*Asks:* 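Okay, handing you the structure first.
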There are 2 protein chains.
Amino acid sequence: MDLDERKQIILKAIIKTYLETGEPVGSRTISKYTDLNLSSATIRNEMADLEEMGYILQPHTSAGRIPSDKGYRLYVDELIREKDQEVLDIKEMVITKTDRLEKMLKQVVKVLASNTNYASMITAPTIHRNALKFIQLSKVREDQLLAVVVVEGNLLKNKIIELNEPIDEESVLKLNLLLNNELCGKPIGEINLDMITKMKLQAGMHSQIVGSVVDAVAETIKPDEEDRAVYTSGANNIFRYPELADTQTASELISTFENKSELADMLGEFQDDDEESTGIQVYIGDETSVKTMKDCSVVTANYDLGNGMRGTIGIIGPKRMDYANVVDNLKTLKTQLDSVFNEKGK
Amino acid sequence: MDLDERKQIILKAIIKTYLETGEPVGSRTISKYTDLNLSSATIRNEMADLEEMGYILQPHTSAGRIPSDKGYRLYVDELIREKDQEVLDIKEMVITKTDRLEKMLKQVVKVLASNTNYASMITAPTIHRNALKFIQLSKVREDQLLAVVVVEGNLLKNKIIELNEPIDEESVLKLNLLLNNELCGKPIGEINLDMITKMKLQAGMHSQIVGSVVDAVAETIKPDEEDRAVYTSGANNIFRYPELADTQTASELISTFENKSELADMLGEFQDDDEESTGIQVYIGDETSVKTMKDCSVVTANYDLGNGMRGTIGIIGPKRMDYANVVDNLKTLKTQLDSVFNEKGK
DNA sequence: TATTAGCACTCCAAAGAGTCGAGTGCTAAC
DNA sequence: GTTAGCACTCGACTCTTTGGAGTGCTAATA
């Protein structure tokens, strides 16, 4: 059988209607719905075909039809192709520049949640190819050093280093010089064991400190493996959609949404970015591999703040989701995020 | 009428049973329940009295009785008095010392949630009387300084200061000296306008920087007024309790729970600490002033890490809550938190 | 006088019966 | 190929029935 144009129109009509109402769509509704003046009986025949092809399904005999995952997929693919051509008029979602990356991310995810009415999340960017900008060791106490590591993009990491023995100011100065000379300007990925060993040699009795500083650098680029930074907002939005609001489902979703590391893993998987063109990915039902989300769709976009700091922003909602609006919002936010550092030169 | 001993025993039995089952308790249940061998009829008479006195109520005629807020209050007060005398055997809830305060708080709140099966939260400590320990300005770029402020207890704050004009290394050194001389060792509360003006004078053309550093200090002690750090865990636990799990209530609670600033406000109110003895406070129903929580009880404890860093830890659950267990857990965690810095001398 | 047995009464929850209507598939006619 | 028409299906809703848990009251009992 062939998915001819008329079938496509009908399918699209079914999906659109279902997105709005959340109720199974009957043949009569479609027959009244649209330009193609067909009787409900004809529609019924076509619907039977569409069902056979797997694009729609019937919750029970004598109910209307609802889209299957396959149906959604077709619809979404089409939608994204269209959006791709559209010139995006950037709505003014104000991303004020704050010096704290964290605040900005929290703000962005709040905006997304309130614009879309879906549960939203964003991962803090991970660093891919940034250069070290600056290292500062300071003596805080006789046997305690504070290490501050600054990476391009003004990402900071502090570490308190406990020493086995006291250290004098002069040695601290020397270490500072040594570390900055050797490491500054180097992309983090290029720091290797050779360099570390060389520095440790030069540091002499203070080689322990070099090790600790390198650890701090490592931590900077690999933030909290176990507990990766993901910010969320609008979890309660899932209660807007009856199909997710029953106790069982809601509980599972809230739980998943609270478990940042699971979210991070999920969003991490999406980083591959197949569709280079827009960077928007849509995962319908089981496509996410997180089983609590089998009744959900997840839409994500990867952003790149510049300087190789990349993260993912996305929403979770019911399968009958206002995909068009979500894609718009994500594209806009992505565009803005992409230009945060680039344009402002911050 | 008088709340004699027998009435008290019956009331306690009713509450205990209700805490376990969540269903109205009938006279027959109590009659079988306990030592006082009384027939259900007698119990019924007593129940009628208890109802008249306001300790219990009937959801509808011909249903059993459930505790009223007044009843809970009596029960809880009693409980806390008992617990107060008990020598608390500290279960080994491992609070591993991590150098990152944040991680520790997240861990603690997770422990609490999983031990109690209630939604849990903890506020990051606010600083009350800490002394400044260390200030470090570093030149990151020609027109950019990095300020690091360390407060007793190794709390850190970074701030990037954008300059209007370039600055030379020597000036940075001078500023460092000036700031450390003037401010180090001083309790933050004591830094006043006089001192700031004086420093600005001495800094001459770089007075702008002094201002920025002072700002950073201020930020350190007043972390994100608008968006205070509160960590939560176990939000999905509310679904365990049918009386909170209906869509409406759950949605509101999740929403409240996500709104950190509202939580912070609420927990902040509890800081007064009336009951110095244990520091455990229980708020039943409307006692919290947060209207979404009218069907909940909130139990909190204030902790003091030492160094005047105080915060609040607490749980939210249904009124029929296992108060005994919750109080135990809170007391244990409070004790551990109180000794984190003191004992380890960290 | 306090306690208890017994009884009539209340009311909710669950189960069952009936109705409605939206929607279908199929057939025959256009 | 399209459509009108019809019998059929099935969930949603309403109404009723039933059972049981629980009560309050009264009269008998210790």
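Numbers restart at 1 for each chain; the letters A, B, ... are given by sequence-line order, proteins then strands. Just so it is clear, the model here is predicted, and its values are computed rather than measured.
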*Asks:* Within this structure, what is the CG-to-P distance between A/Asn45 and D/dG1, rounded to whole angstrom?
*Replies:*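 So the CG-P distance, A/Asn45 to D/dG1, works out to 11 Å.
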
*Asks:* Please, which pairs that meet salt bridge (Lys or Arg N to Asp or Glu O under 4.0 Å) have at least one residue in residues 11-24 of chain B, sequence neighbours excluded?
*Replies:*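 Non-adjacent pairs meeting salt bridge (Lys or Arg N to Asp or Glu O under 4.0 Å): B/Lys12-B/Glu82.
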
*Asks:* Hey, which sits more toward the 5' end of DNA chain C by its nearest nucleotide, A/Gly26 or B/Glu46?
*Replies:* B/Glu46

*Asks:* Any side-chain N or O of A/Arg65 below 4.0 angstrom from OP1/OP2 of C/dT24?
*Replies:* yes

*Asks:* Which pairs pass salt bridge (Lys or Arg N to Asp or Glu O under 4.0 Å) with one or both residues in residues 38-50 of chain A, sequence neighbours excluded?
*Replies:* A/Arg6-A/Glu46, A/Lys7-A/Glu46, A/Lys7-A/Asp49

*Asks:* Among A/Asp265, A/Thr123, A/Thr232, whose side-chain hydrogen bond (donor to acceptor under 3.5 Å, both in side chains) with A/Lys260 holds?
*Replies:* A/Thr232

*Asks:* Find the distance A/Ile66:CD1 to C/dA22:C1' and express it as a whole number of Å.
*Replies:*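 Taking CD1 of A/Ile66 and C1' of C/dA22, I get 16 Å after rounding.
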
*Asks:* Measure from NZ on B/Lys32 to C1' on D/dG22 and round the result to the nearest Å.
*Replies:*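 B/Lys32 atom NZ is separated from D/dG22 atom C1' by 13 Å.
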
*Asks:* Whole angstrom is fine here: how far is it from CG in B/Leu36 over to C1' in C/dT3?
*Replies:*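 B/Leu36 atom CG is separated from C/dT3 atom C1' by 13 Å.
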
*Asks:* Nearest whole Å is fine: how far is C/dT24 C1' from A/Met47 CE?
*Replies:*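 It works out to 10 Å between those atoms.
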
*Asks:* Would you compute the distance between atom CG of A/Asn237 and atom CD1 of B/Ile254 and round it to the nearest 0.5 angstrom?
*Replies:*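 Atom-to-atom, A/Asn237:CG and B/Ile254:CD1 are 12.0 Å apart.
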
*Asks:* Please list, for nucleotides 5-12 of chain C, all pairs of protein and nucleotide N/O atoms separated by less than 3.5 Å.
*Replies:*
residue, atom, partner, partner atom, Å
C/dG6, O6, B/Arg44, NH2, 3.1
C/dT10, O2, B/Ser62, OG, 2.9
C/dC11, OP1, B/Thr61, OG1, 3.2
C/dC11, O4', B/Ser62, OG, 3.1

*Asks:* Whole-Å distance between C/dT3 C1' and B/Ile30 CD1?
*Replies:* 18 Å

*Asks:* Quick check against the 3.5 Å criterion: does B/Thr332 have a side-chain atom that pairs as donor or acceptor with the backbone of B/Asp328?
*Replies:* yes

*Asks:* Hey, does the side chain of B/Thr42 come within less than 4.0 Å of C/dT4's phosphate (OP1/OP2), counting only N and O?
*Replies:*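 Answer yes for this pair, as a side-chain N or O of B/Thr42 is under 4.0 Å from OP1 or OP2.
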
*Asks:* Among C/dT4, D/dT2, C/dG23, which nucleotide sits nearest the side chain of B/Leu38?
*Replies:* C/dT4

*Asks:* Taking CD from B/Glu52 and P from D/dT23, how many angstroms apart are they, rounded to a whole number?
*Replies:*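 Atom CD in B/Glu52 sits about 16 Å away from atom P in D/dT23.
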
*Asks:* Is the shortest side-chain N to carboxylate O distance from B/Glu243 to B/Arg320 below 4.0 Å?
*Replies:*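 Here B/Glu243 pairs with B/Arg320 in a salt bridge, since their nearest N and O are under 4.0 Å apart.
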
*Asks:* Taking CD from A/Gln58 and P from D/dT9, how many angstroms apart are they, rounded to a whole number?
*Replies:* 14 Å

*Asks:* With no hydrogens and no angle check, is any side-chain donor or acceptor of B/Gln281 less than 3.5 Å from a backbone partner on B/Val299?
*Replies:*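 Not confirmed, B/Gln281 side chain does not pair with B/Val299 backbone.
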
*Asks:* Would you say B/Arg6 reaches C/dA2's phosphate, i.e. side-chain N/O to OP1/OP2 under 4.0 Å?
*Replies:* no

